[in-house]
2 protein chains.
Amino acid sequence: MPTKTPTAEFRSFTETPDLPEPLPEPARDELRLETVMAALSDPLRLHVVRKLLLEAERIDHPCGWFGIDRPKSSLTHHFRTLRDAGLIRQRQFGLTRGNQLRVDDIEARFPGLLALVAQWKPAP
Amino acid sequence: MPTKTPTAEFRSFTETPDLPEPLPEPARDELRLETVMAALSDPLRLHVVRKLLLEAERIDHPCGWFGIDRPKSSLTHHFRTLRDAGLIRQRQFGLTRGNQLRVDDIEARFPGLLALVAQWKPAP
DNA sequence: CTCCTAGTACGACTTGAATCGTACTACGGG
DNA sequence: CCCGTAGTACGATTCAAGTCGTACTAGGAG
């Protein structure tokens, strides 16, 4: 019997209902500083991580929530880069894909890194 | 009358004698997080910054000091990338070029970043 | 003056990243 | 059952980065 997928689009992941499995991602101890740095060297991805950090309220958010004016295929690329680097976790909620920041893993491996992202401002 | 260049190869920059001017570099308030992240996304440069941070003892060091087995033209490229990002300061001491980490500037703009570099280990 | 040395300049090559259009897929509503 | 919607897959293009060889330059030693 297949897993029953939750229907709520903005389900809090603190409630831990029958959540779908995250898409493939590196484990906490596989995170590499150089890879994380590379992922954060792009303003678009910096914006995504910062928004998740400051406004996500521990809720999964789909790609559209970030308000980025780019083709969908470009967004797919950037979100995949973030997931491959281990910065975000992605879960398939029915049609939409929920994104959350891996705050605990990042803070455990790279303490203080997220504080730098929080104080970042995009170039003028 | 041209500036008299110091002769000592490993001159401490705390002594502040008649030091040559640093090569062109971004000012402290021009440092950009995305540029710094990009500079630190390469293992070779991470090694350089980490070595300057942990072993430099506030002394300028020439490129050869880092023990990197690469062609000279490759090293020129990487050290220039670090200088353009604002991570290192380079001064011409006669023939050799002294490299120092811009600890104060980095710590002022990105507090905690150097601690992440200090705990970094190269991939196995 | 001549040689040695630390580094640059330039150019070529290769690889990977970013960007995007188009076609496609799968869930859920009516 | 059909459609709208959120996103992927694939492929083309463009551009920057890393890598390196070779030639060159400038300071200091003898």
Side-chain angles (χ1 to χ4, degrees), chain A residues 2-11 20 22-24 32 34-48 60-85 88-99, chain B residues 2-11 18 20 22-24 32 34-48 60-85 87-100 123:
Chain A
T3 309
K4 194 169 88 183
T5 58
T7 53
E9 190 177 1
F10 291 88
R11 180 182 294 276
L23 300 193
R32 299 253 67 217
E34 52 269 48
T35 309
V36 168
M37 293 289 192
L40 293 178
S41 68
D42 184 280
L44 188 149
R45 294 191 293 258
L46 225 26
H47 167 75
V48 167
D60 282 57
H61 292 279
C63 295
W65 176 75
F66 298 88
I68 304 171
D69 186 23
R70 293 288 175 83
K72 292 189 291 181
S73 50
S74 295
L75 297 186
T76 297
H77 165 68
H78 286 293
F79 279 89
R80 181 182 175 90
T81 301
L82 287 171
R83 177 163 56 88
D84 286 347
I88 66 172
R89 174 163 297 141
Q90 295 187 295
R91 280 197 175 88
Q92 200 73 36
F93 289 96
L95 238 187
T96 75
R97 179 164 292 192
N99 297 284
Chain B
T3 309
K4 195 171 89 183
T5 56
T7 53
E9 189 177 3
F10 292 88
R11 181 181 294 276
D18 46 354
L23 301 193
R32 300 253 62 216
E34 53 268 48
T35 309
V36 168
M37 292 289 192
L40 294 177
S41 68
D42 185 278
L44 188 148
R45 294 191 294 256
L46 225 25
H47 166 77
V48 167
D60 281 56
H61 293 279
C63 296
W65 176 76
F66 298 88
I68 304 171
D69 186 23
R70 293 288 175 85
K72 291 189 289 180
S73 48
S74 296
L75 297 186
T76 298
H77 165 69
H78 286 292
F79 279 89
R80 180 183 176 90
T81 301
L82 287 171
R83 175 163 57 87
D84 286 349
L87 290 171
I88 66 172
R89 173 164 297 142
Q90 295 188 295
R91 280 197 174 88
Q92 200 72 38
F93 289 96
L95 239 188
T96 73
R97 178 165 293 192
N99 298 285
Q100 71 181 256

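We name chains A, B, ... by the order of the sequence lines, and we start the count at 1 in each one.
Between the P atom of D:dA6 and the CG atom of A:Asp60 lies a distance of 16 Å, rounded to the nearest Å. Between the CG atom of B:Leu23 and the P atom of C:dG7 there is a distance of 12 Å, given to the nearest Å. A:Ile68 places its CD1 atom 12 Å from the P atom of C:dC20, with the value rounded to the nearest Å. Taking atom CZ of residue B:Arg91 and atom C1' of nucleotide C:dG7, one finds them 18 Å apart after rounding to whole Å. When rounded to the nearest whole Å, the span between CZ of B:Phe93 and C1' of C:dG7 equals 15 Å. Summarising the geometry, the separation between CG on B:Asp69 and C1' on D:dC20 is reported as 13 Å, rounded to the nearest angstrom. Between the CD atom of A:Glu34 and the P atom of C:dA17 there is a distance of 14 Å, rounded to whole Å.
Of the inter-residue distances, the one linking A:Gln90 atom CD with A:Cys63 atom SG reads 6.5 Å to the nearest 0.5 angstrom. Going from atom OG of A:Ser73 over to atom NE2 of A:His77 covers 10.0 Å, rounded to the nearest 0.5 Å.
Of the candidates D:dG7, C:dA18, C:dG7, C:dG7 carries the atom nearest the B:Arg97 side chain, counting heavy atoms from C-beta on. The side chain of B:Leu95 lies closest to C:dA6, out of D:dG18, D:dG7, C:dA6.
One end of the helix from C:dC1-D:dG30 to C:dG30-D:dC1 points its axis 20° away from the other end's axis, with each axis taken from 5 pairs and the angle rounded to 10°.
Partners of B:Leu75 under the side-chain contact (heavy atoms from CB on, under 4.5 Å) rule, at least two apart in sequence or in another chain, are B:Ile68, B:Arg70, B:Phe79.
Looking at residues 70-79 of chain A, you'll see A:Arg70, A:Pro71, A:Ser73, A:Ser74, A:His77, A:His78 sit with a heavy atom under 4.0 Å from some atom of DNA chain C.
For the pair A:Asn99 (side chain) and A:His61 (backbone), a donor-acceptor distance under 3.5 Å is present.
Residues B:Ala85 and B:Val36 approach most closely at O-CG2, 3.8 Å, considering heavy atoms. The minimum heavy-atom distance between B:Ala38 and B:Arg45, with the atom names listed, is O-NH2, 3.3 Å. Summarising the geometry of A:Ala39 relative to A:Leu82, their closest heavy-atom pair is CB-CD2, 4.3 Å, with the distance given to 0.1 Å. For the pair A:Glu34 and B:Pro43, the tightest heavy-atom approach, listed with the atom from each and the gap, is OE2-CG, 4.2 Å. Annotation for B:Pro62 and B:Thr96: closest pair CB-CB, 4.2 Å, computed over non-hydrogen atoms.
The shortest distance between the side-chain N/O atoms of A:Arg80 and the OP1/OP2 oxygens of D:dA9 is not below 4.0 Å.
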